[in-house]
Amino acid sequence: MLLEVKGLCVNYGRIEAIRDISFTVDQGEIVTLIGANGAGKTTTMKTISGLRPVRAGTVTFDGKDITDLPSYERPVLGISQSPEGRGCFVGMTVMENLEMGTYARPDRKSKAVKDDLERVFELFPRLKERVNQAAGSMSGGEQQMLAMGRALMAKPKLLLLDEPSMGLAPKLIQQIFDIVTEINSQGTTVLLVEQNAAQALKRSHRAYILETGEIVREGTGKELANDPSVKAAYLGGDV
Amino acid sequence: MTTTTNVTQKKKDRPNLNERIADLPLPIKVVLWILFALFLFALPLLNIPFITTPDSDFGGVLFTVSTYVLVALGLNIVVGYAGLLDLGYVGFYAVGAYTVGVLSSQHGSLPWLWCVPVAIAVAMVSGILLGAPTLRVRGDYLAIVTLGFGEIVRLTLVNSQWLGGAQGISNIPRPPGIELFEVPSIDWSTGVPVVDLGTTTTFLKFGISDFIPYYWLALVVIALVLVFDILVKNSRVGRAWEATREDEDAAELMGVPTFRFKLLAFALGAAIGGLSGALFAGKSGFINPQSFELLLSILFLAAVVVGGQGNRWGVILGAIVVSYFPERFREFADFRVLVFGLALMLLAIFRPQGLLPPRRTLRAKRADARQHVLEEGEAGA
Amino acid sequence: MPEPTNPEPVGAEPTTPTPASRPSTPATTPVDEVTEINPDVDIAPEDIGVPVVAEGERLLEVDTVTLRFGGVVALNEVSFHINKGEILGLIGPNGAGKTTCFNVMTGVYQPTSGVVRYLGKPLGKRHKFQITKLGIARTFQNIRLFANMTALENVLVGVDAHHTTGVVTAMFRLPKHRREEEQGRARAMELLEFMGLDGKADELARNLPYGDQRRLEIARALATSPQLLCLDEPAAGFNPAEKVKLMELIRTIRDQGYTVLLIEHDMKLVMGVTDRIVVLEFGRKIAEGSPAEIRDNPAVIAAYLGVDEEDAS
Amino acid sequence: TTGGTSNTPAASGGAAACGDYKIGMFGALTGPNANLGIYIQNGVNLALDDYNKKHPDCKVTLENYDSQGDPTQAPALAKKAIDDKKVVGIVGPAFSGESKAANPAFAEAGLVHITPSATNPALAENGWKTFFRVLGNDATQGPAAAKYIKDTVKATKVFVIDDASEYGKGLADIVRQDLGSTVVGNDTIQQKQTDFGASVTKVTASGADALFFGGYSPEAAPLIKQLRDAGWKGTFVVADGVKDQSFIDNAQAAAEGTVITCPCVPADVAPDFQAAYKAKFNEDPNTYSGEGYDSATILLDGIAAGKDRATMVDFVKAYDKPGVTKQLKFDAKGEVTDVKVFAYKVEGGKIVSVGEIK
Amino acid sequence: MQFLIDNFWALTITGLTLGAVYALVALGYTLVYGVLRLINFAHSEVFMYGTFAALWVVMFLGGKAGGGTGQVIFWIAMMFVAAMTMSGLIAVLLERFAYRPLRKRNAPPLIALISAIGASFVLAEIMGLREKIVAWVGLEDNLRAYVRNSRNAVGLPDIVAKEPVFTIGGYAVTNVDIFVIVGAITIMVILDQFVKRSRLGRGIRAVAQDPEAAALMGVNRDRVIQVTFLVGGVMAGAAAVFYLLRIGITRYDAGFLLGVKAFTAAVLGGIGNLRGALLGGFVLGLAENYGSAIVGTEWKDVVAFVLLIVILLFRPTGLLGESLGKARA
Ligand SMILES: Nc1ncnc2c1ncn2[C@@H]1O[C@H](COP(=O)(O)OP(=O)(O)OP(=O)(O)O)[C@@H](O)[C@H]1O
Ligand SMILES: Nc1ncnc2c1ncn2[C@@H]1O[C@H](COP(=O)(O)OP(=O)(O)OP(=O)(O)O)[C@@H](O)[C@H]1O
Ligand SMILES: [Mg+2]
Ligand SMILES: [Mg+2]
């Protein structure tokens, strides 16, 4: 078990965004969280990467209790997140943003970094074209690619992706999911949040459904994708 | 779309004083306001122990406090409403005071009352002249530009003989008075309050050493400015300022001519600064550049921020804190500034939103409370 | 300008979304003869010399517009037009220049060459707020609400675009102020209701859930009484069910008489709601046509759609 | 205004009342300008000690009005002093600016104020009946400084710098006028300025053999230091605002040879006072300590003579006795008649008197 | 004007030495602004403490006129050590007590400015009251020489004799002039390289632009901010030494005006931009000197501020532009 979340409660002031949720992510898995707007998916992700304080419950990573570990120490352990809303460093160039991805890598000076950079450029050629453009002036989708590339540069054990397909063109969405599958097959564990639930469920080993801050269902990707009630609520019936 | 917000603590908040007052029926509110106003007017005569400054004349201190209040209200338009950081506000204060000085004493002999509108106008124009080229400069840059403006004004006063140089301008006429009757004060020296018919203030004589009438005048001006402030803030103009402060580009794209509104805020702020300068000049009869140091701008800003930028009652409180306490605690003598600095730090740390938080924070709280009630109602149903 | 003369009573129909009636041509406001420090001067479509166009005629025309950022050519001789009353889709791969197109149309950027014509006249070097007053409103790809203002106030700022209350009017509470204030509030509430946000009028924008924020942006844009409403990825982050609702909403908006320009990556939504589609790639227009035409256009498939069994449905 | 004769305790005669009197000390006692105020206050305290020793059961106390030298604070403090009916006279206000702000109120209330240090000539021109000054004003010091530069320094090219302050500029302007064509250049600096690069260049380029600086010691020290660093060899002449040991401490070697004019009397002119001062404060009397002592003594003599606030003005007007600094007698405007200006010189790190400028 | 031409080199060299001090102090403003978007109002006091530390160490070591070259070098080295340590320490303490508590409470930016102003008063007053404070503690006898007349200016013992090294256009450039200008530029270049090469530089910018995302990258925000203050403080310490050598005296309120000027220099060059601070400092120093020569020394500060306004009108983000990011519409 790479990640274990147990009895997690997170508040925004008096508002309880997450109530007592528990789930696990095993080594080598792709696990998806799906749920409506405001269900608490982003909050869950932020809590795992330490950006939100925990009111109750524990988060265990790689056998280590990281509930109270400061956020900036988590990348060192191998947790990397591509945040919702991208969170690029708008005043830095594309290259500098990618370099920021390696900030916490112990082997940041080694050649491995170069290889990873090449790989990111291969995945997103647009980034290579624009290495010296300020991230803030990139288009929405380009920034999304950058955020993803930056997360990959950290070479994490656990990759947290919060709506990676948001704002991407259909063709690219396809690619993104391919990429997720590929890096997973190379050994990276992925926790995915997606509105594009049909695709996500198809690709993931297991999934949880979050509703108003609580986990209401769990199952394998296939199970949930074929469940009629899930279909109706999250996969969008016919238009 | 399911929005979910779950309220956990079911703690019932008692309505705070503010809300309870807000809930009172209108006639009672009016009566309360009138009583409060009367109290304010009587304050310098009541000589309330502990509140009255022991080491300095209370009437004079109250006048100083009221100029700070006035200035804070003006600066609040610029800083609190429009979100423009102004570190040179003392410049407008000086422009107002010197306009009166120049017209009534140095190069003319207009009566004080005539000079006041001119002072307001000149200050306003100086605000526009400063703002028009510099308001396009972004955020914190404006701070240093305005700071520079304040210094330019002061140095010009020091170095220009036409404006009286370092000697300043004396013999500025006082406001016109009508002496109607004497108002007695209260004497506490025996431990119980006794009406003291010996120490009185003439209503309304603007004399040399009795500052109470000046304080009364300042109170009236503050009331007028407050009404103005409330009316303007609760209108399209106020909304435009708020939107501009929140997100200038978005505001512009929603049809707000942001530059003009910023300039407007600047001009109005400057006008009020000029007005307080004019009051100050009329009261002291003598002005020199020493009274318009950079430090004053900083104190003004501190008043606004410590009080709660954007909340007019907050900045009034802030102005009182900044100007009254140093006078009240003169016994700290040499350690006054040190204590004052510490107080600023502590206030910043323990009241980061200001003494009276700005309306938007209150609004957020209210919104929370409503949601709370809503949820409970649903749960009960 | 919202109902210039007889304000509708607020909340007349409390439950069902009141159709936000398309505002008529800006009427000449009865002038309060006051000299005042008025922060703005109203500019109406008449000022650029053209009356409001009729249904089906050209509302806005992008004419061989090119925009360069240093070496990047964000728009390369792009031309297309929008007819009054239609829903035009603007699609294309990431970085194709769609948002940039909006920025050129709303005065954020000046084109390097080419012109944007609105109601037959070039926009020229107008300020952003002037263009808004002429009748082009937009939402943002990254939400940009006035976070610390309430939902109602956000919309009011939009409504205010056509008001002229200045300091003096407000100070003396002149009739104009009262009228504008009353009508403005009524209209703002109407719009909130229309967007299904009437229960949240007093919430701070930043506390609203993501979806509500997106809809509030639309309400705010509608409040400026636009002829043309530009929506930049309004469905981003929505789940399929929510997207369906949004689609209906966009249709209703069009039915109210607004013209809509829509940027969106969700093909179901785009194909389902638009009348016509323009496709950009690398800053160039590569196709234009009805949804059906676009869906089968090989160039568009290659550049943008890819082959996807689900989206092809 | 406040009336209030009825408020004064009924006992205005009799032995008990004598002990109720106070004199006020009005000036900067805290804040950046406090030094001067404290030197004066020390002198005043010494005078009070003398008096109270002689009148053990009729002591007079000192009431401090700490203006911090700020004219805006002055009026409220003046009002405070006026309202305290036990205060029969004021030593101060110490600076000219605060004097302008406070004196009209004193004049209106008929409260005597004797300044030991405010030297702006215009102060005496306001018709304040209550105003007295125990030292020569700048109009007497300026010509003396000019005279010294001409006759003793024998400078042919003089550069004049002022600090734009009321005091410094007033003084420098008089010197400029008196020196006439020997002035080869002028400059104005600002208080709190520390870098004088441009001024130094102007002075050295002018070839001046003497420099008169109208201003205070915080600026004088770095000014002369930077001038000497740049190799200027002329005579540095300054006035009482620089007569302060800190000038020498800070300018060090560069201070050597500086000429200081001052309407203040050298400490050794009144050895008894000097000794008493040293005994109490563990240092030599400083600038205006003697003047402070004299001012207080006049008021205390008045108290001893049974005067109260109302009658004190006439008492001071008619006063004519030797003080520690000079013969204390005032003219119609309140200026002391026996005005002497002395020259001092910095020698071996000390300010030494080189005699009166006659 | 003729005067300016005649004395061009004298004015230039003295302007540059002054500008060097401005530039070094400006660095502190620019660095902190770069990471926190905050005008560190108390930075002037950080500088002022440095001047005192430098001065005290010379007094402690018994520095006086006429020391041999070796001694002088030793004294100056000790001045640097003392001033940089002191200023660095004060800067870090400042961050710890005036800013960090606010950050924890999510205070709006302006309140941090007020806290900074408060801290500035406190620091200046502690120095201005050191005589009394020391007397309280009961150390006045031991420390008299250091705390005497604490409201007055204090002079640095004449440890270096200023001697002309070479003459240019009639102005004899002294050893101190050269030392100040060359020293300041060297320090700047080292810092510039350090910030550019090290992770710190990237960390600073990342924190400034998006603290949350920075944390996701593993940037320890508090640590970065602390180091930023430390570096800014150390630079102010260096500035303090140059200042003392150049001006010769200091005072408890010596920081205020200089701080305003240095901040002006930072904005002039483009705030957040290290090279901008250097350029801004020199431009300001020169402008003040030339301006004083042309329109009179009394207008020196006016010249500085007018120049600032004019430059911002034409280059709204300063001479070199700011290196802070901005999102697009
Ligand atoms: N900063 C905040 N302050 C207050 N409430 C918040 C804040 N951020 C989120 N919330 C609330 O917490 C709940 C969960 O939000 P969260 O962002 O985790 O949802 P989500 O599932 O990621 O939704 P989305 O699909 O819109 O991204 C929502 O009700 C939201 O309104
Ligand atoms: N200010 C700028 N400086 C440099 N390049 C820019 C700037 N603004 C936009 N660009 C570039 O122009 C191109 C078009 O950007 P635009 O935002 O219009 O794309 P888009 O079609 O909206 O894409 P998306 O679907 O990802 O939002 C992009 O490649 C972007 O990087
Ligand atoms: Mg989310
Ligand atoms: Mg876009």
Side-chain angles (χ1 to χ4, degrees), chain B residues 79-80 83 85 87-88 130 133-134 136-145 147-156 158-159 249-250 252-253 294-295 298-299 301-302 304-306 308-309 318 334-354 358 361, chain E residues 33 37-39 41 97-99 101-102 104-126 128-129 132-133 151 256-257 260 263-264 266-268 271 296 298-302 304-310 312-313 316-318 322 326-329:
Chain B
V79 177
L85 182 49
L87 278 180
L130 173 68
T134 58
R136 296 183 200 277
V137 171
R138 210 170 40 81
D140 297 299
Y141 287 62
L142 192 64
I144 190 78
V145 166
L147 186 151
F149 166 74
E151 279 296 274
I152 290 173
V153 168
R154 187 183 66 82
L155 290 165
T156 308
V158 172
N159 291 314
D249 288 334
E252 183 99 352
L253 283 165
L294 175 55
L295 196 66
I298 292 167
L299 288 185
L301 184 71
V304 169
V305 178
V306 161
Q309 36 171 326
D334 244 343
F335 289 85
R336 248 158 79 201
V337 182
L338 181 70
V339 171
F340 180 69
L342 263 179
L344 281 189
M345 285 176 73
L346 292 177
L347 277 173
I349 291 168
F350 292 107
R351 299 298 309 230
Q353 306 294 335
T361 322
Chain E
Y33 190 90
R37 302 287 159 92
L38 165 80
I39 304 172
F41 209 87
F97 292 105
Y99 298 131
L102 293 180
K104 297 267 176 290
R105 284 157 194 267
N106 260 327
L110 264 192
I111 201 84
L113 183 67
I114 296 303
S115 181
I117 289 169
S120 166
F121 286 178
V122 169
L123 286 171
E125 284 298 308
I126 288 177
L129 293 167
K132 295 198 171 166
I133 293 171
R151 291 274 181 201
F256 187 75
L257 207 58
V260 169
F263 184 62
T264 307
V267 171
L268 201 60
I271 195 153
E298 67 267 41
W299 300 107
K300 176 176 166 175
D301 295 352
V302 175
F305 289 121
V306 169
L307 177 79
L308 172 81
I309 292 176
V310 170
L312 284 185
L313 287 186
T317 54
E322 52 186 22
K326 218 184 147 191
R328 57 190 274 218

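Side chains are part of it too, since the values below use all heavy atoms of this structure and drop only hydrogens, waters and symmetry mates. Proteins come first, then strands; the chains are lettered A, B, ... in the order of their sequence lines, and each starts at number 1. Only a predicted model underlies this, so the values are computations on that prediction, with no experimental measurement involved.
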Greater than 12 external heavy atoms within 6.0 Å of Arg136(B)'s CZ: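 No, because the 6.0 Å sphere around CZ of Arg136(B) holds 12 heavy atoms or fewer from other groups.
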
Could you look at [X] and say if it's the side chain, the backbone, both or neither that has a heavy atom under 4.5 Å from chain B?
X: Ile126(E); answer: both
X: Tyr99(E); answer: neither
X: Leu308(E); answer: side chain
X: Lys104(E); answer: neither

Segment of [X] engaging chain E (4.5 angstrom heavy-atom cut-off):
X: Arg351(B); answer: backbone
X: Val304(B); answer: neither
X: Ala143(B); answer: side chain

Between [atom1] on residue [X] and [atom2] on residue [Y], distance to nearest 0.5 Å:
X: Leu110(E); Y: Ile39(E); atom1: CG; atom2: CD1; answer: 8.5 Å
X: Phe340(B); Y: Ile117(E); atom1: CZ; atom2: CD1; answer: 9.0 Å
X: Phe263(E); Y: Ile144(B); atom1: CZ; atom2: CD1; answer: 5.0 Å

Top contributor to chain B contacts, counting heavy-atom pairs under 4.5 Å, from Gly118(E), Gly128(E), Pro108(E): Gly118(E)

Between Lys132(E), Glu125(E), Arg151(E), Glu298(E), the one whose heavy-atom pairs under 4.5 Å with chain B are most numerous: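 If we count pairs closer than 4.5 Å to chain B, Glu125(E) comes out on top.
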
Side chains of Leu85(B) and Leu142(B) in contact at under 4.5 Å (non-hydrogen atoms):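 In short, these two side chains do not touch, never coming nearer than 4.5 Å.
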
Side-chain heavy atoms of Leu294(B) within contact of Glu151(B), under 4.5 Å: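 Yes. Closest side-chain heavy atoms under 4.5 Å.
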
Interface residue of largest heavy-atom contact number with chain E, from Leu344(B), Leu338(B), Leu295(B), under 4.5 Å: Leu338(B)

Heavy-atom closest contact (Ser115(E) atom, Ala98(E) atom, distance): OG-O, 2.8 Å

